Every structure is written in C-alpha cells, then in structure tokens.
Amino acid sequence: MSDRRVRRRCRPFPVALVALVLASGGGTESAAADPSTAEAGTDTTTATEGRKSEDGKQALALPALTVTGSVYQTESSESYASDTVSVGDKDARPPREVPQSTTVLTRAYLEDRNARSLDTILRETPGIVVLTNDNGRSSLYSRGFEFDKLYLNGLPAPLSSIYGTQPDMSIVDHVEILKGPSGLFSGAGEPAGTVNMRLKQPTRQARGSLSVTGDTWDGLRTEGDVSGPFNASGSLRGRLVLADDEQQTWVRHNDNTMRQAFGSFQADLDDLTTASLTLSHMQRDIAPFNGLPTDAQGNLLDLDRATTTAANWNDFNNVASDYIGELERRFSHGGHAKLSARFSDRWVDFLYAYSGSAAASNGNVSSVGWLARKLHEQSLALDANLSQPITLFGQEHNVLVGADYQHVTDTLASGSGRITMTNNIYNWNTNISRPKVTYSSKTETSSDQYGIYGQVRVKPIDWATLIGGGRFTWYETDTQNLITRQKSASNSQQGEFTPYAGAIVDLSNTLSAYASYTAIFQPQSQVDSSGKALDPRQGGQYEAGLKGSFLADRLNASAALFRINDKNRAVADTSGNYSASEEVLAQGAEFETSGEVLPGWKVLTGYTYTLSEYVHGLNPGSTFSSVTPKHMLHVWNTYRFQEGPLRDLTVGGGVKTFSSFSNTSNNIRITAPGYTVFDLMASYDINDVYTATLTVKNLFDEKYYERVGGTTVFNFYGEPRSAMLAVKASF
C-alpha cells in the first residue's frame with residue numbers, strides 16, 4: 001500500500017487520555033521537539049492486549065492510538081491545509097492565531113498544479129495578480145501593490161521581476177503568503193505583504209524521488225530529490241535536489257532553460273539545538289519575449305497566439321545563488337532562540353528586442369526597440385530573535401524580541417535604443433540587425449537597514465488574545481553615478497517607528513474573529529524643490545475577519561475585509577518638482593477555503609474583491625491599480641477514490657475567473673476583457689513506486705489577454721490549450 005493511502009490526520013488526544021494510556025501499560029512516542037524538522041504528522045502506538053499488571057490482574061486493553069502534533073513541513077502530508085504558518089510571525093502558529101489573511105500552498109498543491117517557478121504557482125493562488133512575463137520574470141501583486149522582496153526560510157532578498165531571480169519550486173516545501181503590510185518584521189517595503197518559501201528540509205529517514213515531465217510545447221523537465229541521515233541516529237542528515245527544465249512556449253523564438261542545484265545539511269547539536277546550512281544555485285538561459293503591441297489608440301490586436309516581437313539575438317542569462325545558515329535552540333518549557341543569515345548573489349545579463357511602435361492598421365511597426373542591462377546584486381540578511389512563553393494568572397502569554405540587519409549592493413549598467421526599420425506584426429521578421437550596445441547609464445546603489453522589534457501576545461481570558469508590537473528601523477541608501485562619479489541620490493531614515501496591533505476572539509472551538517492594524521514604510525528617492533529627499537511613504541492597513549478550522553483540522557476557511565491607506569506618495573507638479581502629497585486607498589474583501597471537505601476530496605478556493613483609487617493628488621477618484629481585476633475567483637478540487645478498482649486514481653479540475661483590467665501608458669488606456677479558464681488533471685498510482693499525472697490547461701482553448709501594458713510592449717496572451725504528462729518514481 002502506498003504512503004498516500006495510509007496518511008490521515010486526526011485531532012490530538014486530550015492529555016488526560018494520553019495519561020490513561022500510559023497508566024494502563026501502553027506507551028507513546030513523544031512528538032518531535034522541533035516541529036519544523038518533523039517528517040510526519042502522526043505517531044501511532046498500540047496498547048498490548050492481554051498484558052498483566054504487576055499485581056497479576058488483567059490490564060485494560062485499548063485500541064490503537066494516534067497522536068498528532070502540529071507539523072510545519074507539508075511534504076509528508078497529502079493535504080491542502082497547513083497546521084501552522086510562520087509568515088507574519090517568527091513562531092510557527094496555527095493560522096487562526098495570525099490576525100491577517102494568510103494563504104499556504106502546500107507541497108501537495110504545488111505538485112498537483114505542476115509548479116515550476118514561483119510565478120507559475122502564484123497564477124493559481126487566490127488574491128494574487130501575476131503580470132505575465134517569461135516564467136521567473138513576472139511581476140507579483142497583492143491588494144493592488146507589488147511585492148518587492150521574497151523570503152526564503154523567513155529571510156528577505158530584493159525582488160525585481162525583470163531580472164528573473166524567482167526560485168524554482170523543486171526546492172520548496174510550501175509557500176506562505178501574508179496579504180497586506182508586514183512592517184513589524186520586514187521594516188521598509190511595499191504594502192503588498194510577504195511571500196515566504198519554506199525550503200525542503202533533510203529527513204531522518206532515507207527517501208528519494210525522480211520525476212520527468214513533458215508538455216505540448218516540447219518542453220522537458222527532470223527533477224531528482226534524495227534525502228536521509230548520515231548516521232544511525234539521524235542527528236546528522238542532508239538533502240540534495242537537482243532540477244533541469246528545458247521549457248518551450250507557444251510563442252515563436254521563446255524558450256526558458258533553468259538549472260537548479262540545492263543542498264541542505266542539518267545537525268542536532270543536542271536534543272534541543274539544531275544547526276543547518278543550505279546552499280542553492282540556479283541558472284536561467286532565456287530567449288525572452290516581451291509582449292505584443294496594440295494599435296495607436298490602445299486597442300488590443302487579434303493575433304495568432306504564437307506571434308513574436310523578438311529578434312533572433314534575444315538573450316537573457318542570470319545566475320542566482322543563496323546561502324542560508326540557521327542555529328536554533330528550543331527551550332524545554334517552550335519558546336526558542338534563533339539566529340539566521342542569508343546571503344544572495346545574483347548576476348544578470350540581457351539584450352532583447354521588442355516592437356518599437358504601435359501597429360498601424362496593416363500591422364506595420366515603424367521601428368524595433370532594444371534594451372540591454374547588466375546587474376550584479378549582493379544582499380545580506382541577518383536575524384536574531386527570542387520567543388518566550390510566560391504563564392501569568394492561569395493563562396499562557398508570549399513575548400518575542402529580535403533584531404535584524406539587511407544590506408543590499410547592486411551595480412547596474414543599462415542601455416537602450418531604437419532600430420529604424422519596418423516590420424509587420426502579422427509576419428514578424430526576427431532577422432534583425434544586432435545593435436552595438438553602449439551602456440549609457442551605470443550606477444551603484446548601496447542600502448543598509450537595521451531594526452529592533454518586539455511583540456507581546458496576552459490572553460486576558462482563555463478565549464481572547466491581544467497582540468501588540470512595534471519596530472524601530474534605521475535606513476540609509478546611496479546611489480552613485482559610475483560614469484560621472486557623483487552621488488546621484490541618497491536617503492536616510494533614523495528610528496522610524498512601525499506599530500502593530502491585533503485581537504483574536506475564539507467564538508467556538510473551531511471559529512475565531514480577529515481584527516488588526518499593520519503598518520509599513522517605504523523610502524523614496526525623489527527630492528523636493530529644496531533638494532531634500534521626500535518623507536517615506538506610509539502604508540497602514542485595517543483588517544477584520546473570521547478564521548475557522550473544521551473537520552478535525554482538515555479544512556481551513558477564512559473571510560476578511562481590508563482597507564489600506566498608502567500616504568506620502570511622490571507626485572510632480574507642472575514645474576517638475578516633487579512633493580509627498582499623494583494618497584492611495586485600497587479596500588476589499590477576501591474569502592478562502594483550503595483542505596479536505598470529505599475523505600479524498602481536497603479543495604483550494606478563493607474569491608477576492610478589490611477597489612483601489614487615488615484619494616489625494618493629481619487625479620483623485622481615478623483607479624490606482626487598474627491591472628488588478630475587481631473580481632478574482634479561483635476554484636480547484638481533486639478527488640481520490642477511496643476504495644474499489646479506482647482507489648489508485650485521483651481526478652481534479654478547477655476554474656479561474658478574472659473580471660476586466662487595464663493599464664494606462666502615455667495617457668493611452670489599454671483594456672482587456674475578463675476571462676474564464678478551466679483546467680483538468682488525473683493522477684494514477686501505477687504501483688507503490690510510480691505515479692503518472694496528466695494535466696490539461698485551458699480545456700476550452702479560451703483566447704484571452706492575460707496582461708496588458710503599453711502600446712508597444714507587455715501585452716501577453718494567456719496560454720492556449722495544452723497538456724502536460726509527468727511520471728514520478730518515489731523510493
């Protein structure tokens with residue numbers, strides 16, 4: 001029997017019942033001291049029937065007992081629901097204890113949706129907008145704002161979509177998403193929220209897998225994953241993941257090759273102390289495609305979806321390496337102390353062409369534009385925190401304190417130009433003369449951020465939790481023009497305070513109500529008429545909602561209302577001088593469910609309603625994030641037959657519906673109609689080792705624009721109907 005069929009979750013037994021089992025002669029294995037390194041969610045113990053007690057009397061015979069503890073890793077579970085989440089907190093807590101909207105994409109969901117790069121799976125995530133580009137290069141939005149950092153194991157590094165540094169999902173156990181400002185633990189940043197990827201961890205038992213995936217577009221992907229102990233006790237263990245993705249697309253002259261190598265090592269220094277080291281190295285080699293033009297009035301064109309605007313010399317290369325070290329001490333009475341560090345090193349070099357003008361009525365464009373860049377970026381993130389439970393007045397409270405440091409240095413050379421020629425969008429000629437690249441802009445930017453933070457969780461009564469916290473941040477950034485050797489921009493913020501407040505009320509054993517206020521700030525590079533840097537933007541969010549955990553914790557559900565104000569945004573007057581006088585309001589509602597509805601029936605569904613507008617500035621009342629659809633619906637279901645001749649078969653399907661969206665470029669508004677896309681999948685366990693999965697995307701071959709940009713670039717069709725077949729061997 002395969003592991004998939006025997007794994008089940010159950011509610012933890014009360015302490016009194018466990019004590020009864022122990023007293024009656026049965027034994028249990030204790031839960032892992034560190035839930036983050038636990039491999040499975042259950043320990044099963046059977047009381048010995050017929051055993052006699054010391055006085056010779058027959059002992060009470062009990063049936064098998066299964067004890068479950070919260071498990072942070074998700075790959076040993078087939079569930080779409082997660083017991084715990086760490087995003088929005090430094091501790092791994094049940095989702096009901098985090099008073100903000102959170103989404104967890106478990107390992108089972110990543111595999112069922114054939115996740116490759118991060119943006120491929122976020123396209124299938126409730127509440128997230130992905131502005132399409134080559135896989136790994138897309139822009140990521142939540143509640144109208146763009147994510148500007150990505151976290152690995154809770155440690156940040158800058159995110160800029162154009163440079164293609166999003167990690168491959170082969171190394172990720174699960175993805176956690178916090179929606180809305182997260183300034184308490186991140187300091188400076190955008191109000192979008194946090195995307196944290198929990199990396200795969202070494203296991204105490206030997207295991208491995210190999211998978212091969214092919215698709216309609218002649219793409220071929222291979223993943224290998226081996227893990228296990230280096231000694232008999234499992235106190236020293238490691239993991240190696242290798243992935244190779246030769247990705248093709250439906251667009252001519254557009255391919256995306258990715259190679260990933262990942263190694264992780266863990267050592268238990270004693271029963272309560274774990275040290276780990278993780279190394280990740282990824283390379284991308286892309287023949288990029290940057291979208292289609294519109295006509296001069298901004299009307300989208302009806303084209304063959306294979307249409308390209310590339311040149312045969314289009315090329316994009318990057319190398320991204322991450323090094324993560326962690327040392328954690330867990331206290332026997334609860335709580336922990338943790339020290340962690342992440343160093344990221346990225347190299348990017350690209351040159352590509354795109355349409356240089358809007359298309360005339362006959363399809364002609366008058367020029368071809370090109371863009372060339374070279375980037376070297378290094379970033380360092382350090383974090384030290386202490387979490388300590390405290391018992392007072394019969395209730396358990398918690399105090400968390402910490403400090404962090406972030407440093408980023410990037411050197412960027414950029415050049416662009418235009419090739420005067422006539423090309424035709426209906427019959428694009430990729431044989432374009434390669435330009436002689438001159439880098440007209442060369443800059444070096446360095447930023448440092450120091451922060452101290454604290455959070456207190458107080459339970460005045462058993463069914464209520466009050467949360468308060470705050471952060472002080474010191475921030476400095478400098479930009480130097482490497483051509484003139486002059487400082488072109490600088491900014492400094494000293495002791496910027498970021499507050500945090502929340503309250504959670506348990507309405508029942510399964511349902512909680514919550515409310516929270518969260519904030520964040522973002523430094524700005526613009527200066528006012530006196531040459532002084534503008535005050536930082538200030539983002540704040542009020543959110544209230546309900547969170548529930550049902551069906552013995554197998555199903556999570558949430559509903560939320562949110563309101564975000566983003567103040568002090570830079571706006572230029574008619575003379576070109578800037579002032580921090582613009583304000584944006586984003587508000588809406590979210591609903592989400594994830595987990596198991598009935599035995600074998602798993603779901604991840606969500607609906608998001610978003611409105612965003614300028615409330616102060618040049619155009620009050622106009623839409624702020626027009627690329628964010630007002631209505632977004634995601635529904636995904638799978639069902640595994642529980643018995644009979646089909647018990648090895650899983651079938652699934654889903655729908656994604658977006659309402660209309662638009663973008664304004666050079667005072668021309670480009671609007672795309674809403675769309676609905678259906679996907680299907682079927683997975684079959686051939687035996688205990690091999691599983692085959694077939695996925696059909698865009699079942700009804702809906703032709704739609706997935707992203708709109710300007711009159712010359714960044715208008716992308718969604719993927720036509722396609723099929724993907726994956727075969728996986730697990731051992």
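Remember, predicted model here, so these are calculated numbers, not experimental data. By convention here, the first residue in the shown sequence is residue 1.
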Quiz item: What do you reckon, is OH of Y607 surrounded by more than 12 foreign heavy atoms closer than 6.0 Å?
Solution: yes
Quiz item: Are side-chain heavy atoms of V615 and P620 found at a separation under 4.5 Å?
Solution: no
Quiz item: Do any pairs count as a ring pair (Phe, Tyr, Trp, His ring centres under 6.0 Å) and have a residue in residues 517-537, sequence neighbours left out, and if so which ones?
Solution: Y517-Y542
Quiz item: Closest approach of Q166 and D119, non-hydrogen atoms and distance?
Solution: OE1-N, 3.1 Å
Exercise. State, with a plain yes or no, whether a side-chain heavy atom of N715 is found less than 4.5 Å away from one of I670.
Key: yes
Self-check item: Listed partners of F316 passing ring pair (Phe, Tyr, Trp, His ring centres under 6.0 Å), at least two apart
Solution: F350
Practice problem: Evaluate the criterion side chain to side chain contact (heavy atoms under 4.5 Å, CB included) for residue pair E706 and V130; output intermediate values, then yes/no. | Solution: CA-CA 9 Å; E706 193 172 44; V130 176; over 6 Å; no
Practice problem: Evaluate the salt bridge (charged side-chain N to carboxylate O under 4.0 Å, His left out) criterion for residues E326 and K338: first the C-alpha distance (whole Å), next the side-chain angles of each, then the deciding distance (0.1 Å), finally the verdict. | Solution: CA-CA 7 Å; E326 299 169 283; K338 187 173 184 180; 3.2 Å; yes
Practice problem: Start with the C-alpha gap between K90 and D383, add the side-chain angles, then the distance that decides, and say whether salt bridge (charged side-chain N to carboxylate O under 4.0 Å, His left out) holds. | Solution: CA-CA 10 Å; K90 293 294 181 179; D383 185 89; 3.3 Å; yes
Practice problem: Answer yes or no: is there a side-chain heavy-atom contact under 4.5 Å between M258 and S117? | Solution: no
Self-check item: R116 with D168: basic N within carboxylate O range, under 4.0 Å
Solution: no
Quiz prompt | Where F661 and P673 come nearest, the two heavy atoms and their spacing | solution = CE2-O, 4.2 Å
Exercise. With the side chain counted from C-beta on, respond yes when L292 and Y717 share a heavy-atom pair under 4.5 Å apart, and no when they do not.
Key: yes
Practice problem: Assess whether side chain to side chain contact (heavy atoms under 4.5 Å, CB included) is satisfied between E496 and Q538, documenting all intermediate values. | Solution: CA-CA 11 Å; E496 183 76 22; Q538 299 288 344; 2.7 Å; yes
Self-check item: Test item: side-chain donor near acceptor, E592 and T103, under 3.5 Å
Solution: yes
Quiz item: Can we say E190 and R537 salt-bridge, meaning some charged N sits less than 4.0 Å from an Asp/Glu carboxylate O?
Solution: yes
Quiz prompt | Considering all heavy atoms, the nearest G540-P181 contact | solution = C-CG, 4.4 Å
Quiz item: Does K656 come within less than 4.0 Å of E124, counting only side-chain N to carboxylate O?
Solution: no
Quiz item: Is a side-chain N or O of K149 found less than 3.5 angstrom from the main chain of S186, in a donor-acceptor match?
Solution: yes
Quiz item: Under a 4.5 Å cut-off applied to non-hydrogen side-chain atoms, are I121 and L105 in contact?
Solution: yes
Practice problem: Provide the closest heavy-atom pair for G127 versus E590 in the form atom of the first, atom of the second, distance. | Solution: CA-OE2, 4.2 Å
Self-check item: Residue of the set T445, D410, T443 for which side-chain hydrogen bond (donor to acceptor under 3.5 Å, both in side chains) holds with T479
Solution: T445
Self-check item: R143 and E543 ion-paired at < 4.0 Å
Solution: yes
Quiz item: Can you tell if the side chain of S142 reaches within under 4.5 Å of the side chain of F147, non-hydrogen atoms only?
Solution: yes
Quiz item: In this structure, are over 12 heavy atoms from other groups packed under 6.0 Å from W347 atom CH2?
Solution: no
Exercise. Report the relative orientation of the aromatic rings in F624 and Y614; use parallel for angles under 30°, tilted for 30 to 60°, perpendicular for over 60°.
Key: perpendicular
Quiz item: Less than 4.0 Å between a side-chain N and a carboxylate O, is that true for R284 and D134?
Solution: no
Self-check item: Considering all heavy atoms, the nearest P523-N491 contact
Solution: CB-ND2, 3.8 Å
Quiz prompt | salt_bridge(D528, K532) N-O dist < 4.0 Å | solution = no
Exercise. Would you please say whether a donor-acceptor pair under 3.5 Å links the side chains of H281 and S321?
Key: yes
Quiz item: Quick one: do D404 and R471 make a salt bridge, cutoff under 4.0 Å?
Solution: yes
Quiz item: How far apart are the C-alpha atoms of S86 and N196, what are their side-chain angles, what is the distance that settles it, and do they pass the side chain to side chain contact (heavy atoms under 4.5 Å, CB included) test?
Solution: CA-CA 9 Å; S86 71; N196 178 48; 3.8 Å; yes
Quiz item: Is the NZ atom of K567 crowded by more than 12 outside heavy atoms at less than 6.0 Å?
Solution: no
Practice problem: Would you please classify the geometry between the H631 ring and the Y609 ring as parallel, tilted or perpendicular, with 30° and 60° separating the classes? | Solution: tilted
Self-check item: D448/S446 under side chain to side chain contact (heavy atoms under 4.5 Å, CB included): CA gap, chis, key distance, verdict
Solution: CA-CA 7 Å; D448 291 278; S446 178; 4.2 Å; yes
Exercise. Taking the six-membered ring for Trp and the full ring for Phe, Tyr or His, determine whether the centres of Y354 and F714 are under 6.0 Å apart.
Key: no
Quiz prompt | Near-ring test Y450/H407, centroid separation under 6.0 angstrom | solution = no
Quiz item: Do the side chains of T278 and D322 get nearer than 4.5 Å, heavy atoms only?
Solution: no
Quiz item: Of all residues at least two apart in sequence or in a different chain, which pass the ring pair (Phe, Tyr, Trp, His ring centres under 6.0 Å) check with Y453?
Solution: F185
Practice problem: Give the minimum heavy-atom separation between G470 and F497, together with the two atoms involved. | Solution: CA-CE1, 3.8 Å
Exercise. Output yes when D89 and R457 qualify as a salt bridge under the 4.0 Å nitrogen-oxygen rule, no when they do not.
Key: yes
Quiz item: Does the side chain of R137 reach to within under 4.5 Å of the side chain of N135, using non-hydrogen atoms?
Solution: no
